[in-house]
Amino acid sequence: MIIVLRQNATKEQQILFKATLEEKYNVSVNTWVGTGSTVLGLIGDTTQVDEDWVNAQEIVESVRRVQEPYKKANRKFHPDNTVIELPTGQKIGDGSLCIMAGPCSVECEEQINYVAERVKQAGATFLRGGAFKPRTSPYAFQGLKSEGLDLLKGARKKTGLPIVTEIMSAAHIDMFESVDIIQVGARNMQNFELLKQLGRIDKPILLKRGLANTIEEWIMSAEYIMAGGNDKVILCERGIRTYETATRNTLDLSAVPVVKKLSHLPVIVDPSHATGKSWLVEQMSLAAVAAGADGLMIEVHNDPKRALSDGAQSLTPEQFDDVARKVFALKKAYDEIMG
Ligand code: PEP
Ligand code: MN
């Protein structure tokens, strides 16, 4: 339920009204203060809330019931875009284009340092790299695990790029303490226990869309994290499974404007996992910018043919230079066209 307050409502009236709602109906109340209005978002079981009583209160302008099952992630509760700011100053969702780039897996020190340096030079703002890898086969390379995390930290020290890496188990949260953005992979999008634990920490979470999940399910997973108190969620569209086999997944680009309409959270696109083919990454990156994405996540490897995972979809540093240049040029034009 959403309650819009009258413009002339005093601070004291607002505090009293909020406390009354919480006590009378056992709900929690989120307050969003905009330039022209103040909106209260009621979270919890609102079926008992008497709309007529709420409407009759002096400071209430209007009341609306919200159909969607997500509240904290809902744009109706928070009309402005969420901007996620890292302690080191980088922003996601502020209208700029963030680029997270790096190898699928961290393989060794030379590899991660070299790729980090190259993607930084090309304009990437974050270094990605998997240390814990969710592989379809238990016999495939599983990642360097904690050693991989240490190598990422080393590359961060050398380049200054904040690091993004995937967590696979809630038992590893302490190990991820100094990771800048924790990624939840597609396969764990509905690992609700993991999401709940990540809701208790104060760190941005990059939540990838599940292989076969609807947009509503995806936003509900963000809601799990937010319900625990962590509002710093970034959504990542990485393609979904359809009957099409020409590409690894089907990139659902319309998800970008759809999610942005439904939610205030930033949305980025991963064209690498979406297509599975390096030659498609450039065009899909450009298309993602045109769809209004807040950023891109792109796999880059020093030697894709020899990559321990996802070589077929990885760009060489030279290819990434080219893609990044075109993407930034398009973003500039996009901003001019869209105002
Ligand atoms: C990854 O980013 O390396 C990854 C495994 O992605 P996804 O969860 O989207 O498959
Ligand atoms: Mn990968």
Side-chain angles (χ1 to χ4, degrees), residues 97-105 115 118-119 122-124 126-130 133-137 140-141 164 166 183-189 206-215 218 234-259 266-331 334:
L97 187 79
C98 75
I99 301 194
M100 304 175 180
C104 178
S105 303
V115 175
R118 290 295 304 262
V119 298
F126 293 86
L127 173 66
R128 68 143 284 146
K133 295 304 303 176
R135 306 303 301 279
T136 301
S137 164
F141 176 59
V164 186
E166 177 169 354
Q183 175 174 326
V184 174
R187 290 152 191 84
N188 269 315
M189 189 205 87
L206 179 75
L207 180 65
K208 287 194 151 195
R209 181 174 180 182
L211 302 169
N213 285 109
T214 64
I215 287 172
W218 186 22
I234 304 148
L235 298 166
C236 178
E237 164 62 42
R238 47 76 75 207
I240 47 172
R241 211 164 253 193
T242 65
Y243 50 76
E244 182 54 70
T245 55
T247 47
R248 182 176 178 183
N249 291 291
T250 298
L251 178 55
D252 180 10
L253 273 183
S254 58
V256 177
V258 170
V259 171
V267 187
I268 72 163
V269 170
D270 170 351
S272 306
H273 292 88
T275 61
K277 293 180 161 65
S278 59
W279 64 272
L280 277 167
V281 169
E282 177 176 298
Q283 274 170 312
M284 293 303 98
S285 298
L286 295 168
V289 172
D294 294 294
L296 296 166
M297 171 174 264
I298 298 178
E299 286 188 340
V300 179
H301 194 279
N302 50 307
D303 187 1
K305 286 188 295 301
R306 290 203 182 79
L308 296 182
S309 59
D310 286 350
Q313 67 195 33
S314 299
L315 301 183
T316 62
E318 293 71 32
Q319 288 169 330
F320 180 69
D321 286 343
D322 213 33
V323 170
R325 188 176 48 76
K326 290 176 183 164
V327 155
F328 287 125
L330 184 71
K331 170 67 175 158
Y334 174 86

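The basis for the numbers below is simple: all heavy atoms, side chains too, and nothing from hydrogens, waters or symmetry mates. FYI, the numbering just counts along the sequence from 1.
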- Per the side chain to side chain contact (heavy atoms under 4.5 Å, CB included) rule, which among R248, H301, K277 passes with Q313? R248

- Residue pair D321 / A122: nearest heavy atoms and the distance that separates them: OD1-CB, 3.4 Å

- Message: How close do A290 and Y334 get, counting heavy atoms only, and between which atoms?
- Response: O-CE1, 3.4 Å

- Message: How close do V300 and V115 get, counting heavy atoms only, and between which atoms?
- Response: O-CG1, 3.6 Å

- Which atom of P257 lies closest to which atom of A291, heavy atoms considered: CD-O, 3.7 Å

- Message: Applying salt bridge (charged side-chain N to carboxylate O under 4.0 Å, His left out) to E237 and K208, what does each step give before you reach the verdict?
- Response: CA-CA 6 Å; E237 164 62 42; K208 287 194 151 195; over 6 Å; no

- Task: Return yes if a side-chain donor-acceptor contact under 3.5 Å exists between S105 and S309, otherwise no.
- Result: yes

- Message: Here's a test for you: under side chain to side chain contact (heavy atoms under 4.5 Å, CB included), which of L206, L296, L97 qualifies with I268?
- Response: L206

- Task: Check the side chains of T250 and D252 for a donor-acceptor pair under 3.5 angstrom, ignoring hydrogens and angles.
- Result: no

- Query: Closest heavy-atom contact between E166 and P134?
  - Reply: OE2-CG, 3.4 Å

- Item | Distance in Å, D270 CG paired with C236 SG, rounded so as to fall on 0.5 Å steps | 5.0 Å

- Message: Would you compute the distance between atom CD1 of I240 and atom CH2 of W218 and round it to the nearest 0.5 angstrom?
- Response: 9.5 Å

- Query: Does any non-hydrogen side-chain atom of L207 lie less than 4.5 Å from one of I234?
  - Reply: no

- Please report the shortest heavy-atom distance between G210 and M189, naming the atom on each side. N-SD, 3.1 Å

- Query: Do K326 and D322 pass the salt bridge (charged side-chain N to carboxylate O under 4.0 Å, His left out) test, and can you show the C-alpha distance, the side-chain angles, and the key distance before you say yes or no?
  - Reply: CA-CA 6 Å; K326 290 176 183 164; D322 213 33; 3.4 Å; yes

